[in-house]
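Written below as structure tokens is the structure these notes are about.
What's counted below: heavy atoms across the whole structure, side chains too, no hydrogens, waters or symmetry copies.
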Amino acid sequence: MSPKPAGPPDGGWGWVVAAAAFAVNGLSYGLLRSLGLALPDLAEHFERSAQDTAWVSALALAVQQAASPVGSALSTRWGARPVVMVGGVLTSLGLVFSAFARSLLHLYLGLGLLAGCGWALVFAPALGTLSRYFSRRRVLAVGLALTGNGASSLLLAPALQFLLDTFGWRGALLLLGAVTLHLTPCGALLRPLALSGDPLAPPRTPLAALGLGLFRRRAFSVFALGTALIGGGYFVPYVHLGPHALDQGMGGYGAALVVAVAAVGDACARLVSGWLADQGWVPLPRLLVVFGSLTGLGVLAVGLVPTVGTEEGWGAPLLAAAGAYGLSAGSYAPLVFGVLPGLVGIGGVVQATGLVMMLMSLGGLLGPPLSGFLRDKTGDFSASFLVCSSFILSGSFIYMGLPRALPTCRPVSPPATPPPERGELLPVPQVTLRSAGGADSTRDTTC
């Protein structure tokens, strides 16, 4: 047997894994974000309300996230490669089945349950495997993988609108089923990696495989509560940003442009945020508070923009608000997963990723239907975005309970390079100053 490496290789095959995770992210969240463009066609075809059709995307998102711990547990037991490959097949079958739906119930089962379960088996194992391959450039690598969301939305939003206009929603779903089958070769690229921080044996019980013991750590529990609240509003623009643009008076391709602008800002911000976090200039918990709050304000701005009035109008205020939302939401995304190795250790990062996805599913299940309900009652999505922004701002406030989230006057050690691999990022051990103003004295902020 070859000895386990001392730490992550921080490159090499890890960049191939990053490319695979990029594609996985694009074919999961990127597709879900663009799928909202099909909801008006579904509502018209089945003669149902916006609230009823919103459950299609909401169920897919909620099942994908709620079942993510199962994907993590299976990955811990059998490895990420076979789990992701099976998930790709299930996702493709769910979309193909939905293309032949005769009622919304069929869409709930096909897109919501079957495709959602497939997405649950691909995202957490892929992203958790990527985190194991990097150390000093971990958040940058995660941010690079998460740009698949924005890049996919940028391409899929106008492409899906073209498919809807040309082939109808049935033909569009059938073609998307063929595209998502590419998740299977992405899973084949996830080469297993053994590290010194790994447990000696796989978990023996299902509860241990799910990693529920991680909630005994106070810092992870605070992080989990804040993330669950943010999930209540974070995914509403994924589902209703396109329909909101239609309600504001923009045409179909104008609404696709709004989604694409948000996607471009999202993709660019993820790379910049990942690079900034890896520099160690600002503690990751503090960045979570800042960018989480900015995301809430971005969603608020989307809900407050004035009506465009005509389909020929460009809707500059809505485009600007969508771009601001995309920049802030993209900056927040890689930090959520980049902070996990410091919270739970490199050995538990796959399980922690699945648990975080499950917690965000609580909001993902309720947020879009609540948004659709408010739209049916008020006539537009303005109130929906205002309410959902309050969830995001509340979660960002909870993040302030994390160690190092707020400036302090206590001396702290400089950021470790590479980042700790055994869950030592939170809490930070105290250090003793050698002398006032000496070379070894560092302060988190000036008082």
Side-chain angles (χ1 to χ4, degrees), residues 18 21-34 36 61 65 123 126-127 130-131 137-157 226-227 230-231 233-242 256-279 282 284 286-302 318-340 353 356-357 360 363-364 367 385 388-389 391-393 395-396 399:
F22 175 92
V24 166
N25 184 246
L27 293 176
S28 54
Y29 282 105
L31 195 152
L32 278 169
R33 171 178 286 185
S34 303
L61 185 62
Q65 293 181 291
F123 184 79
L127 205 61
L130 176 62
S131 295
R137 292 177 286 185
R138 176 179 294 130
V139 186
L140 177 61
V142 171
L144 176 63
L146 293 181
T147 56
N149 184 338
S152 176
S153 298
L154 177 62
L155 297 175
L156 283 178
T227 303
I230 288 178
Y234 187 85
F235 297 104
V236 168
Y238 278 51
V239 180
H240 286 147
L241 183 57
L257 178 62
V258 171
V259 176
V261 167
V264 171
D266 187 296
C268 296
R270 294 185 185 214
L271 290 176
V272 175
S273 174
W275 174 85
L276 175 64
D278 283 335
Q279 304 310 305
V282 183
L284 286 180
R286 195 172 307 166
L287 289 175
L288 276 174
V289 174
V290 171
F291 288 120
S293 301
L294 290 177
T295 302
L297 295 176
V299 174
L300 180 65
V302 171
L318 183 56
L319 287 173
Y325 157 75
L327 289 172
S328 55
S331 299
Y332 167 81
L335 301 174
V336 175
F337 301 102
V339 76
L340 288 179
T353 302
V356 168
M357 302 303 300
M360 296 191 79
F385 282 91
C388 293
S389 68
F391 284 107
I392 301 177
L393 293 173
S396 302
Y399 280 155

Identify the heavy atoms of [X] and [Y] that sit nearest to each other, and give their distance.
{"X": "Leu127", "Y": "Ala145", "result": "CD1-CB, 4.4 Å"}
{"X": "Leu156", "Y": "Gly26", "result": "CD1-O, 4.5 Å"}
{"X": "Ala277", "Y": "Leu335", "result": "CB-CD2, 3.7 Å"}
{"X": "Leu319", "Y": "Val261", "result": "O-CG1, 3.6 Å"}
{"X": "Pro334", "Y": "Gly143", "result": "CB-CA, 3.7 Å"}
{"X": "Val336", "Y": "Tyr332", "result": "CG2-CZ, 3.2 Å"}

Rounded distance (nearest 0.5 Å) linking atom [atom1] of [X] with atom [atom2] of [Y]:
{"X": "Asp266", "Y": "Leu271", "atom1": "CG", "atom2": "CG", "answer": "10.0 Å"}
{"X": "Leu294", "Y": "Ile392", "atom1": "CG", "atom2": "CD1", "answer": "11.0 Å"}
{"X": "Leu140", "Y": "Leu276", "atom1": "CG", "atom2": "CG", "answer": "11.0 Å"}
{"X": "Leu288", "Y": "Thr295", "atom1": "CG", "atom2": "OG1", "answer": "10.0 Å"}

Tell me whether [X] contacts the main-chain N or O of [Y] through its side chain, where contact means a donor paired with an acceptor under 3.5 Å.
{"X": "Thr147", "Y": "Leu144", "value": "yes"}
{"X": "Ser328", "Y": "Tyr325", "value": "yes"}
{"X": "Ser389", "Y": "Leu297", "value": "no"}

Inset, instruction - Answer yes or no: is there a side-chain heavy-atom contact under 4.5 Å between Ile230 and Ser396? - result: yes

Inset, instruction - Using a 4.5 Å cut-off on heavy atoms from C-beta on, say whether the side chain of Leu287 contacts that of Ser273. - result: no

Inset, instruction - Report the C-alpha separation of Ser331 and Val272 in whole Å, then their side-chain angles, then the decisive distance to 0.1 Å, and conclude whether the side-chain contact (heavy atoms from CB on, under 4.5 Å) test is met. - result: CA-CA 7 Å; Ser331 299; Val272 175; over 6 Å; no

Inset, instruction - For atom CZ of Phe391, decide whether the heavy atoms of other residues, nucleotides or ligands shown that lie under 6.0 angstrom number more than 12. - result: no

Inset, instruction - Return the set of residues passing side-chain hydrogen bond (donor to acceptor under 3.5 Å, both in side chains) with Thr227 (not counting sequence neighbours), or none when no residue passes. - result: Tyr399

Inset, instruction - For Leu27, check side chain to side chain contact (heavy atoms under 4.5 Å, CB included) against everything at least two apart and list the hits. - result: Val179, His182, Leu183

Inset, instruction - Please work out which of the three classes, parallel, tilted or perpendicular, describes the rings of Tyr29 and Phe123, given edges at 30° and 60°. - result: perpendicular

